[in-house]
Amino acid sequence: MEKRTKATLDIANHTLTNTKQMLKRGVRRRLITSNPIANISATEDLRIKTGTCS
């Protein structure tokens, strides 16, 4: 896999993870009522396979 492709997938995965954490904290602190991306999976929905690229 090309370096650029791997970097793009890594960035997408990190962005999803960080956004989910941010929204989860917002719900916990009652700043927002729900986390609309809580059920989005990088593996299933975005088809990002972790640990297979080097």
Side-chain angles (χ1 to χ4, degrees):
M1 183 174 286
E2 288 185 32
K3 287 183 183 181
R4 184 173 293 171
T5 302
K6 182 187 178 323
T8 301
L9 294 175
D10 287 344
I11 290 168
N13 193 20
H14 287 286
T15 300
L16 177 62
T17 300
N18 291 340
T19 304
K20 286 171 74 172
Q21 289 175 353
M22 176 188 66
L23 291 170
K24 184 177 178 180
R25 289 182 185 124
V27 170
R28 204 173 347 162
R29 293 179 181 163
R30 297 184 181 156
L31 300 171
I32 56 175
T33 57
S34 66
N35 182 346
I37 65 168
N39 295 323
I40 294 178
S41 166
T43 304
E44 293 178 16
D45 299 320
L46 303 179
R47 298 180 183 166
I48 296 174
K49 296 180 182 178
T50 57
T52 58
C53 306
S54 53

Which pair of heavy atoms, one from Leu16 and one from Ser41, lies closest together, and at what distance?
-> CD2-C, 4.2 Å

Atom pairs and distances, donor-acceptor, side-chain atoms in residues 29-39, under 3.5 Å, two or more places apart:
from, atom 1, to, atom 2, distance (Å)
Asn35, OD1, Ile37, N, 3.1
Asn35, OD1, Ala38, N, 3.3
Asn35, ND2, Lys20, O, 3.4

Considering only heavy atoms from C-beta outward, does the side chain of Lys3 approach that of Lys6 to under 4.5 Å?
-> no

Got a sec, which residues hit side-chain contact (heavy atoms from CB on, under 4.5 Å) with Arg47, two or more places apart in sequence or on another chain?
-> none

Partners passing side-chain contact (heavy atoms from CB on, under 4.5 Å) against Thr15 (at least two apart in sequence or in another chain) | Ile11, Thr19

Mind checking the CD1-OG1 spacing from Ile48 to Thr8? Nearest 0.5 Å is all I need.
-> 10.0 Å

Non-neighbouring partners of Asp45 that pass side chain to side chain donor-acceptor pair (under 3.5 Å), sequence neighbours left out | none

Measure the CG-CG distance between Asn13 and Leu9 for me, rounded to the nearest 0.5 Å.
-> 8.5 Å

Derivation of the side chain to side chain contact (heavy atoms under 4.5 Å, CB included) call for Gln21 and Lys24 = CA-CA 5 Å; Gln21 289 175 353; Lys24 184 177 178 180; 5.6 Å; no

Sorted by first residue and then second, give each salt bridge (Lys or Arg N to Asp or Glu O under 4.0 Å) pair with at least one member in residues 33-44; sequence neighbours left out.
-> none

